[in-house]
Amino acid sequence: MSDMRELSKGFDHASVDPKWYEFWESSGAFKADPESSRPPFSMVLPPPNVTGVLHIGHALNQTLPDIVCRWKRMTGHDVLWLPGTDHAGIATQNVVEKQLADEGTDRHALGREAFVERVRAWSRQSHGTITSQMRTLGSSVDWSRERFTLDDDLSRAVRRVFVTLYDEGLIYRGKYIVNWCTRCRTALSDLEVVHEEQAGRLYHVRYPAAGSVADPPAEGAADPQAEGVAGPPAGSGADAAGVADVAESGGAAGRPDAAAGRGVTVATTRPETMLGDTAVAVHPDDDRYRGLVGRTLRLPLVGRELPVVADEFVDAKFGTGAVKVTPAHDPNDFEMGRRHDLSQVVVIGEDGLMTAEAGPFAGQDRFAAREAIVERLEAEGLLERVEDHRHSVGHCSRCHTVVEPLVSTQWFVRIKPLAGPAIAAVKDGHTRFVPENWARTYFEWMNNIHDWCISRQLWWGHRVPAWYCDQCGNVIVDEDTPAACRCGAALRQDTDVLDTWFSSGLWPFSTMGWPDATDDLARYYPTSVMITGLDIIFFWVARMMMLGLKFAGDVPFMVVYITSLVRDAHGRKMSKSKGNVVNPLQVMEDIGADAFRFTLAALASPGMDISLSEGRLRGYRQFVNKIWNVSRFVLMNLPPTLTERPPVPPPDGLATIHRWVLHRVSELAADVTRALEGYRFDVAADRLYHFIWHEYADWYVELVKPHLRDEADDGDRQRAIAVLLGVHDRVLRLAHPFMPFVTEELWQTLPAPADAAEDGRTPDGEARTITRAPWPRPEPAWTDDQAVSVLTLLQEVITAVRTVRAELGVPPSRRLRLGIEHADPDERAVLDGHGDYVRRLAGLEAFEFVASVPADPDTVRRLVRRMRLHLPLAGVIDRAKETGRLRREIDKLSKQLGSLEGKLDNPRFRERADPDVVAETEARHSAARRRRDQLDEVLKELSP
RNA sequence: GGGCGGUUAGCUCAGUUGGUAGAGCACCGGCUUUACACGCCGGUUGUCACAGGUUCGAGUCCUGUACCGCCCACCA
């Protein structure tokens with residue numbers, strides 16, 4: 001055992017950290033126990049991509065919940081923190097596709113089955129990376145319950161949810177305009193499209209007049225409603241108005257119209273889509289075009305006749321007030337097309353190339369076609385004007401390709417019926433956002449939510465559980481694979497897979513065994529807290545809320561803590577191109593997981609982005625080292641015979657310094673606990689830092705040293721050791737959630753407590769571990785204001801003497817004699833009673849109380865408590881420097897006095913302010929005046 | 001266009017219910033004080049973005065302005 005008491009000179013995380021994680025894992029320290037009599041506390045880990053590596057966002061989003069879990073474990077909860085990984089459909093598929101491309105092949109060459117098998121194999125291999133990195137960080141998850149979104153039982157949950165929603169009419173399939181990535185070759189949900197403001201051009205193109213309105217073209221694109229169970233409602237008001245106008249103008253169609261003769265100029269940012277135009281729209285109230293509605297124009301380059309329709313959507317103030325309508329390639333036009341029963345002409349294909357419908361431009365890339373078409377228009381004299389125009393363009397969030405709106409058959413979730421309860425649950429406080437402002441963002445989105453496109457034309461993911469019969473046209477949606485159609489023909493399964501967030505949305509309950517009524521589900525659902533990043537509030541949090549309420553019968557979590565973005569030291573977003581990415585693995589290698597975690601916690605001010613600076617990281621690494629060295633100090637002072645940690649003695653018989661430190665450590669426990677309860681990780685970390693370094697190490701350790709000397713009285717020594725150990729043990733336990741590795745290492749070197757309840761054994765009772773040691777509670781019996789005021793006085797006097805010495809340049813080795821004046825009798829008694837401490841920490845040979853100032857050139861002449869009056873001796877110091885310093889101080893005091901006097905002279909202040917505040921202000925005022933007068937006097941003395 | 005946040009010491013940020021402006025880093029000076037130089041002791045640094053208002057009193061509450069940032073959005 002005694003070799004355990006010898007710590008190395010510094011903390012070496014590389015040798016310590018892995019040892020303890022292995023110990024925790026193998027001893028079952030993180031295992032949840034449904035049989036336990038302890039109250040449950042549960043969280044699910046936001047599943048990282050199975051093929052991902054730990055980035056700074058993960059580090060934060062795992063450190064904070066880990067702090068909570070470790071804390072809750074110590075407060076006696078049965079903690080479940082359920083880990084797992086996400087198959088991350090499109091992201092993972094893209095990576096593997098890139099690998100294939102490097103090998104000179106592609107997924108089509110491989111075939112679906114082989115491709116999926118390949119992705120699966122790579123996922124399995126890659127899975128170890130992220131999970132081992134989580135261990136490096138110290139995440140205290142229950143690995144025995146690890147899940148993967150593509151696991152069989154989770155896939156079963158996915159199918160159950162899909163089928164149920166379908167049966168209830170909340171999932172439908174239909175042909176609508178969707179966001180299409182021409183590179184990934186799949187549909188995307190609105191959330192997977194990132195809009196970026198870009199410099200573009202607004203082309204003004206003249207569409208010449210053709211003649212009067214013809215019947216709407218009957219041929220062409222499919223009926224948008226064809227396969228829909230039910231489509232989104234069409235804008236009825238605008239629709240009626242538009243139709244009425246057309247009819248009305250139709251009557252006047254025969255009348256010659258000057259405007260019609262010239263044609264109409266439309267403005268567009270995407271001239272290539274004009275080939276698919278099937279109308280031109282104007283606002284119904286726009287007088288400029290009133291006569292035109294109902295007539296037709298001729299589409300340049302193509303020659304097709306286009307009706308002019310009136311629609312409320314058109315903004316008369318934008319461009320020319322006339323809009324070309326391309327129902328197949330623009331979401332607004334799609335809706336407008338439905339309102340006016342326009343056909344869809346598809347001119348851009350799923351590959352981003354112009355289709356056969358594009359005539360001479362067929363086969364060209366859409367952007368090349370834009371150039372070519374502009375050229376042609378110019379040649380034909382139809383391009384009237386080109387303006388620079390900034391507008392936002394949608395890009396694929398995965399590959400940054402410009403998204404092409406395309407008409408396509410997809411599966412959708414009708415979301416409004418699900419959103420309602422999810423909104424209500426937050427409104428009525430059943431689920432609470434922290435910081436609460438995020439609820440607004442949540443409401444904002446939920447109130448304006450659109451149907452969710454859930455099908456993806458990918459291979460990696462949960463395949464849509466729908467089967468089609470080519471014989472009779474029957475569609476079967478079922479949990480189990482049907483053998484054959486009712487007509488006896490073979491069935492063909494839908495080739496699409498589901499949006500990866502569909503399965504993520506079930507995560508809080510699918511991981512616990514749903515749809516079976518498992519013990520875990522009964523005990524751990526709803527989970528206590530969800531801690532996750534702001535970037536996935538919509539993707540994930542909102543969907544978990546909706547699906548959890550719908551299927552698990554309750555909200556998925558009682559509290560959502562939204563973490564901030566981690567930025568670089570100058571508040572810039574981290575990005576590879578800027579080269580300012582902080583790699584958490586590198587940081588942990590350099591300074592250890594404990595210091596890294598502590599830094600993240602200390603910087604995690606709610607609602608604010610985190611600027612991760614090297615200075616802070618370094619500072620907290622040194623803090624870890626500080627704790628290490630305090631422990632060395634404690635251990636080296638333990639008698640070798642001590643095998644058991646003695647209980648902390650009752651404060652009555654203890655010296656002031658002991659009573660003081662016990663009081664303070666009790667307050668620390670209260671403060672840290674309160675901070676954690678409010679999710680103020682920054683406040684908790686700050687409090688620990690300050691106490692451990694600037695109270696415990698700087699003061700208590702220094703003050704206690706004499707008590708530990710060999711010469712010290714035996715009983716005194718034993719009491720000091722008991723208190724020191726009691727404080728040290730509590731400090732380690734309070735710091736443990738933040739710095740799990742170093743605290744376990746140090747805690748294990750302490751002698752075990754006599755009290756079994758303090759021992760922290762794992763559930764199997766085999767091993768002691770700080771992870772299960774009880775969380776320190778405030779001790780009311782340790783409250784001791786008298787000890788606090790004594791220590792405050794000692795600290796002030798000692799600091800004042802040190803200041804004088806430093807300013808006079810008196811080396812610490814030189815023992816001084818000191819005269820103190822103006823101490824009141826009570827304070828004199830305190831100082832006398834604690835003279836040893838003062839002499840030791842201030843480096844004094846002696847001090848005495850004097851009535852007046854002795855003119856002794858070898859001593860500091862005076863020291864006035866609370867006034868930090870440092871009077872240098874003539875001849876010993878630089879007179880000019882000192883007078884300058886005094887003048888500055890006097891100026892400052894005068895200013896302060898002015899404001900205090902203003903306050904006190906104000907009758908209303910005396911009337912209305914709290915009496916304590918008034919008294920305090922008066923005291924402050926008189927103290928300041930006394931001090932200024934004294935400084936004035938000294939200044940006069942010093943000045944020639 | 002809508003929403004949210006920020007503007008406090010050279011840098012990055014705290015500032016609880018309004019009551020003498022704080023921390024870390026940086027900087028300056030001094031220290032082989034037997035846990036720690038990843039240390040110890042001391043020190044310097046602020047018209048709290050701007051303009052009004054409420055109040056005896058505002059970094060803190062209200063209104064407006066400026067600048068920065070983020071999110072959402074179907075303006076061709």
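It should be emphasised that the depicted structure is a prediction, and the values quoted were computed from it without experimental measurement. Every chain is numbered from 1 and lettered A, B, ... according to where its sequence line falls, protein lines coming before strand lines.
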Please give the distance between the [atom1] atoms of [N] and [M] as a whole number of Å.
{"N": "B:U44", "M": "B:C28", "atom1": "P", "value": "16 Å"}
{"N": "B:C41", "M": "B:C25", "atom1": "P", "value": "13 Å"}
{"N": "B:C13", "M": "B:C40", "atom1": "C1'", "value": "26 Å"}
{"N": "B:G2", "M": "B:G64", "atom1": "P", "value": "14 Å"}
{"N": "B:C48", "M": "B:C31", "atom1": "P", "value": "38 Å"}
{"N": "B:G59", "M": "B:U47", "atom1": "P", "value": "14 Å"}
{"N": "B:G57", "M": "B:A21", "atom1": "C1'", "value": "15 Å"}
{"N": "B:U17", "M": "B:A73", "atom1": "P", "value": "34 Å"}

Does OP1 or OP2 of [N] have a side-chain N or O of [X] closer than 4.0 Å?
{"X": "A:His389", "N": "B:A76", "answer": "yes"}
{"X": "A:Gln622", "N": "B:G39", "answer": "yes"}
{"X": "A:Lys705", "N": "B:U33", "answer": "no"}
{"X": "A:Ser605", "N": "B:C13", "answer": "no"}
{"X": "A:Lys9", "N": "B:G39", "answer": "no"}
{"X": "A:His450", "N": "B:C72", "answer": "no"}
{"X": "A:Arg616", "N": "B:A14", "answer": "no"}
{"X": "A:Trp445", "N": "B:C4", "answer": "no"}
{"X": "A:Arg621", "N": "B:C38", "answer": "no"}
{"X": "A:Lys317", "N": "B:G1", "answer": "no"}

Of A:Thr326, A:Val325, A:Val323, A:Thr268, the one forming a side chain to side chain contact (heavy atoms under 4.5 Å, CB included) with A:Asp277 is A:Thr326
Kindly point out which of [options] is positioned nearest to the side chain of [X]?
{"X": "A:Lys626", "options": "B:C40, B:G2, B:A76", "value": "B:C40"}
{"X": "A:Arg618", "options": "B:A35, B:C74, B:C25", "value": "B:C25"}
{"X": "A:Asp686", "options": "B:A23, B:U12, B:A76", "value": "B:A23"}
{"X": "A:Thr799", "options": "B:C4, B:G42, B:A76", "value": "B:G42"}

Nearest heavy-atom neighbours spanning [X] and [Y]:
{"X": "A:Val426", "Y": "A:Ala439", "value": "CG1-CB, 4.1 Å"}
{"X": "A:Val193", "Y": "A:Gly394", "value": "CG1-CA, 3.6 Å"}
{"X": "A:Pro327", "Y": "A:Leu342", "value": "CG-CB, 4.2 Å"}
{"X": "A:Pro435", "Y": "A:Pro606", "value": "CG-CB, 3.8 Å"}

Would you say [X]'s side chain and [Y]'s backbone share a donor-acceptor pair under 3.5 angstrom?
{"X": "A:Arg680", "Y": "A:Arg674", "answer": "no"}
{"X": "A:His13", "Y": "A:Phe11", "answer": "no"}
{"X": "A:Arg621", "Y": "A:Asp590", "answer": "no"}

Which part of the nucleic acid does [X] contact within heavy-atom distance under 4.0 Å: base, sugar-phosphate only, or nothing?
{"X": "A:Ala697", "result": "base"}
{"X": "A:Ser613", "result": "nothing"}
{"X": "A:Tyr689", "result": "sugar-phosphate"}
{"X": "A:Arg567", "result": "sugar-phosphate"}
{"X": "A:Arg680", "result": "sugar-phosphate"}
{"X": "A:Val701", "result": "base"}
{"X": "A:Phe538", "result": "sugar-phosphate"}
{"X": "A:Arg270", "result": "nothing"}
{"X": "A:His690", "result": "nothing"}
{"X": "A:Asp698", "result": "sugar-phosphate"}
{"X": "A:His204", "result": "nothing"}
{"X": "A:Thr441", "result": "nothing"}

Spacing of [X] atom [atom1] relative to [N] atom [atom2], expressed in whole Å:
{"X": "A:His694", "N": "B:A35", "atom1": "NE2", "atom2": "C1'", "value": "16 Å"}
{"X": "A:Arg802", "N": "B:G29", "atom1": "CZ", "atom2": "C1'", "value": "16 Å"}
{"X": "A:Ile798", "N": "B:G42", "atom1": "CD1", "atom2": "P", "value": "10 Å"}
{"X": "A:Asn629", "N": "B:C36", "atom1": "CG", "atom2": "P", "value": "7 Å"}

Using heavy-atom distances to pick each residue's nearest nucleotide on RNA chain B, tell me which of A:Gly10 and A:Gly319 is more 5'.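 Nearest nucleotide further toward 5': that of A:Gly10.
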Is the centre of the A:His389 ring less than 6.0 Å from the centre of the A:Phe318 ring? yes
Can you confirm if the aromatic rings of A:Trp438 and A:Tyr442 lie within a centre distance of less than 6.0 Å? no
Take A:His283 and A:Tyr289 through the test side-chain contact (heavy atoms from CB on, under 4.5 Å) and record every step on the way to the result. CA-CA 8 Å; A:His283 194 274; A:Tyr289 301 111; over 6 Å; no
Encoded 5' to 3' (Watson-Crick or G-U under 3.5 Å; [ ] crossing; | other strand), RNA chain B becomes (((((((..((((.....[..)))).(((((.......))))).....(((((..]....))))))))))))....
Any donor-acceptor pair, under 3.5 Å, between the side chain of A:Glu702 and the base of B:A35, if you only look at N and O atoms?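 When only heavy-atom distances are counted, A:Glu702 does reach the base of B:A35 through a donor-acceptor pair under 3.5 Å.
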